[in-house]
Trainee: 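Here it is, the structure, as structure tokens.
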Amino acid sequence: METVVSGIRSTGKLHLGNYFGALRNFVKMQHQNNCYFFIADYHSLTTHPTPADLHGNVKQVLSEYLACGLDPEVSTLFLQSDVPEVTELYLLLNMNAYVGELERTTSFKDKVRLQPDNVNAGLLTYPVLMAVDIIIHKANKVPVGKDQEQNLEMTRKFAKRFNHMYNVDYFPEPTAYNFGEELVKIPGLDGSGKMGKSEGNGIYLSDSPEAIRKKVMRAVTDSGPVEKNQKLPEPISNLFKIMEVVSEPSTHAYFLEKYNQCEIRYGDMKKQLAEDIISFTSPFRERILSISADNAYLRKVVNRGAEQARASAAKTIKEVREIIGFKPF
Ligand code: TYM
């Protein structure tokens with residue numbers, strides 16, 4: 001049995017990328033492993049949410065975790081900010097993380113570009129906090145999408161560096177949990193990059209059918225294929241990629257054939273794609289609505305999760321303090 005940790009930022013609702021890159025796998029793996037799944041609400045402070053937004057977002061994401069099928073009786077489901085031990089290990093690990101290597105991470109460089117007026121230190125040390133989330137439970141596996149590969153690489157680096165510095169074999173070097181498939185990356189609707197919360201190009205599990213139709217119909221396309229069997233250019237391959245995960249294989253094959261024969265009508269494809277996304281997300285949406293209306297249940301879930309996660313984190317902190325040399329007289 002592996003110890004598994006994974007998290008999601010609480011900056012908004014879950015989109016299809018989160019589902020296919022993460023949640024779907026969490027649900028599959030929870031019965032075979034010792035799983036810790038959490039909502040990264042400390043991490044989300046890098047974007048300065050208002051208190052009302054922070055609270056609302058955490059509640060939404062928690063309801064969505066549950067609606068996707070995470071079972072709090074089976075896995076440990078908790079909020080990052082309910083485990084203060086995380087902040088202590090973050091401080092300790094920051095001493096061994098070098099500014100140069102943090103500045104070179106792709107996600108940091110992207111954020112500097114996207115939010116030049118808010119390049120805070122929390123953004124720089126984001127990978128340190130993420131490493132802490134994982135190693136504080138001494139996890140060996142992390143089920144994440146392809147976009148998190150570099151952060152995971154940093155986690156291994158910090159774990160290894162700690163072991164080396166104190167000449168111990170304490171932290172495991174965690175790797176991506178993979179299901180025998182490639183890590184997935186769900187593209188956005190705007191014709192470039194990944195579907196993401198910050199990018200605003202996503203379809204959320206909680207979107208209404210009307211919102212989904214609108215977003216899909218507005219998705220970027222091109223003027224159509226000019227020769228048969230040509231390679232799919234990006235805005236079009238993105239639509240096909242989303243179709244691949246939500247539609248029947250025969251639907252995907254049908255439109256691909258139309259494309260290859262230069263007979264495709266993007267309007268038809270989008271209509272079909274929108275309806276398939278709606279069929280896929282509707283059951284989630286209904287469950288999200290009923291779960292998020294039940295505060296007493298949500299409170300019970302996070303209290304239980306916090307207790308379990310803190311027990312595991314406190315054990316690590318105690319051992320790490322001794323390794324570092326904080327010892328009782
Ligand atoms: P976040 O909140 O951006 O995404 C949460 C999970 O969803 C996956 N994901 C995707 N997968 C495929 N295609 C996409 N377009 C896509 N967008 C998101 C991500 O890979 C991730 O698995 N830094 C993390 C949160 C975090 C974390 C951790 C994760 C904090 N601490 C410890 C694992 C372990 C993040 O921003 O994920």
Trainee: Strictly below 4.0 Å, N to O, side chains only: are E319 and K315 in salt-bridge contact?
Mentor: yes
Trainee: Between Q30 (side chain) and G69 (backbone), is there a donor-acceptor pair under 3.5 Å?
Mentor: yes
Trainee: Could you tell me whether the side chain of T105 and the main chain of L102 form a donor-acceptor pair under 3.5 Å?
Mentor: yes
Trainee: Could you go through H137 and S312, starting from their C-alpha distance and side-chain angles, then the distance that decides it, and tell me whether this counts as side chain to side chain donor-acceptor pair (under 3.5 Å)?
Mentor: CA-CA 6 Å; H137 302 294; S312 152; 2.6 Å; yes
Trainee: If you round to the nearest 0.5 Å, how far is CD of E64 from OG of S206?
Mentor: 5.0 Å
Trainee: Donor-acceptor pair, distance only, cut-off 3.5 Å: does the side chain of D222 make one with the backbone of P233?
Mentor: no
Trainee: Using a cut-off of 6.0 Å, state whether more than 12 heavy atoms not belonging to D169 lie near its atom CG.
Mentor: no
Trainee: Would you say that more than 12 heavy atoms from the other residues, nucleotides or ligands in this model lie under 6.0 Å from the CD of E248, or not?
Mentor: no
Trainee: Give the minimum heavy-atom separation between S6 and Y65, together with the two atoms involved.
Mentor: O-OH, 4.4 Å
Trainee: Taking only Lys NZ, Arg NE, NH1 and NH2, and the carboxylate oxygens of Asp or Glu, determine whether K157 and E101 approach each other closer than 4.0 Å.
Mentor: yes
Trainee: Ignoring hydrogens and angles, tell me if any N or O in the side chain of Q150 forms a donor-acceptor pair with the backbone of T106 under 3.5 Å.
Mentor: yes
Trainee: Scan the side chains in residues 291-298 for donor-acceptor partners under 3.5 Å anywhere in the protein, sequence neighbours excluded, and list what turns up.
Mentor:
unit_1	atom_1	unit_2	atom_2	d
S292	OG	I288	O	3.0
S292	OG	L289	O	3.3
D294	OD1	Y297	N	3.2
N295	OD1	K59	NZ	3.3

Trainee: Quick check, are the ring centers of Y19 and F284 under 6.0 angstrom apart?
Mentor: yes
Trainee: Just checking E307: does its CD atom have more than 12 heavy atoms from other residues, nucleotides or ligands closer to it than 6.0 angstrom?
Mentor: no
Trainee: Check the pair E275 / R213 against salt bridge (charged side-chain N to carboxylate O under 4.0 Å, His left out), numbers first and verdict last.
Mentor: CA-CA 8 Å; E275 294 318 307; R213 284 190 196 104; 2.8 Å; yes
Trainee: Is a donor on one side and an acceptor on the other found under 3.5 Å between the side chain of N25 and the backbone of P143?
Mentor: no
Trainee: Does K138 qualify as a cation-pi partner of Y170, given the criterion of NZ or CZ under 6.0 Å from the six-membered ring centre and within 45 degrees of its axis?
Mentor: yes
Trainee: With distance as the sole test, does T316 use its side chain to make a donor-acceptor pair with the main-chain N or O of I136 at under 3.5 Å?
Mentor: yes
Trainee: Surrounding CZ of F240 (heavy atoms of other residues, nucleotides or ligands, distance under 6.0 Å), is the total greater than 12?
Mentor: yes
Trainee: Judged by atom type as modelled, is there a donor-acceptor pair below 3.5 Å linking the side chain of S75 to the main-chain atoms of P72?
Mentor: no
Trainee: Would you confirm whether Y259, through its side chain, and N229, through its main-chain N or O, come within 3.5 Å as a donor-acceptor pair?
Mentor: no
Trainee: Given 3.5 Å as the limit, does a donor-acceptor pair link the side chain of D190 with the main chain of V220, or not?
Mentor: no
Trainee: Between E149 and K146, is there a side-chain N and carboxylate O pair less than 4.0 Å apart?
Mentor: yes
Trainee: Got more than 12 heavy atoms from elsewhere within 6.0 Å of OH, Y166?
Mentor: yes
Trainee: One thing to verify: whether E103 and K109 come together as a salt bridge, which I'm taking to mean a side-chain N less than 4.0 angstrom from a carboxylate O.
Mentor: no
Trainee: Is it true that D147 and K185 have a side-chain N and a carboxylate O under 4.0 angstrom from each other?
Mentor: no
Trainee: Considering only NZ, NE, NH1 and NH2 on the basic side and carboxylate oxygens on the acidic side, decide whether R310 and E85 come within less than 4.0 Å.
Mentor: yes
Trainee: Is E263 paired with K258 through a side-chain N to carboxylate O contact shorter than 4.0 Å?
Mentor: yes
Trainee: Quick one: do V99 and F162 end up in the same hydrophobic cluster if we chain Ile, Leu, Val, Met, Phe, Trp and Tyr together by side-chain heavy atoms under 4.5 Å apart?
Mentor: yes
Trainee: Could you go through residues 50-57 and list every donor-acceptor pair under 3.5 Å that involves a side-chain atom there, pairing it with any protein atom two or more places apart or in another chain?
Mentor:
unit_1	atom_1	unit_2	atom_2	d
T50	OG1	D53	N	3.0
T50	OG1	D53	OD2	3.4
N57	ND2	D53	O	3.2

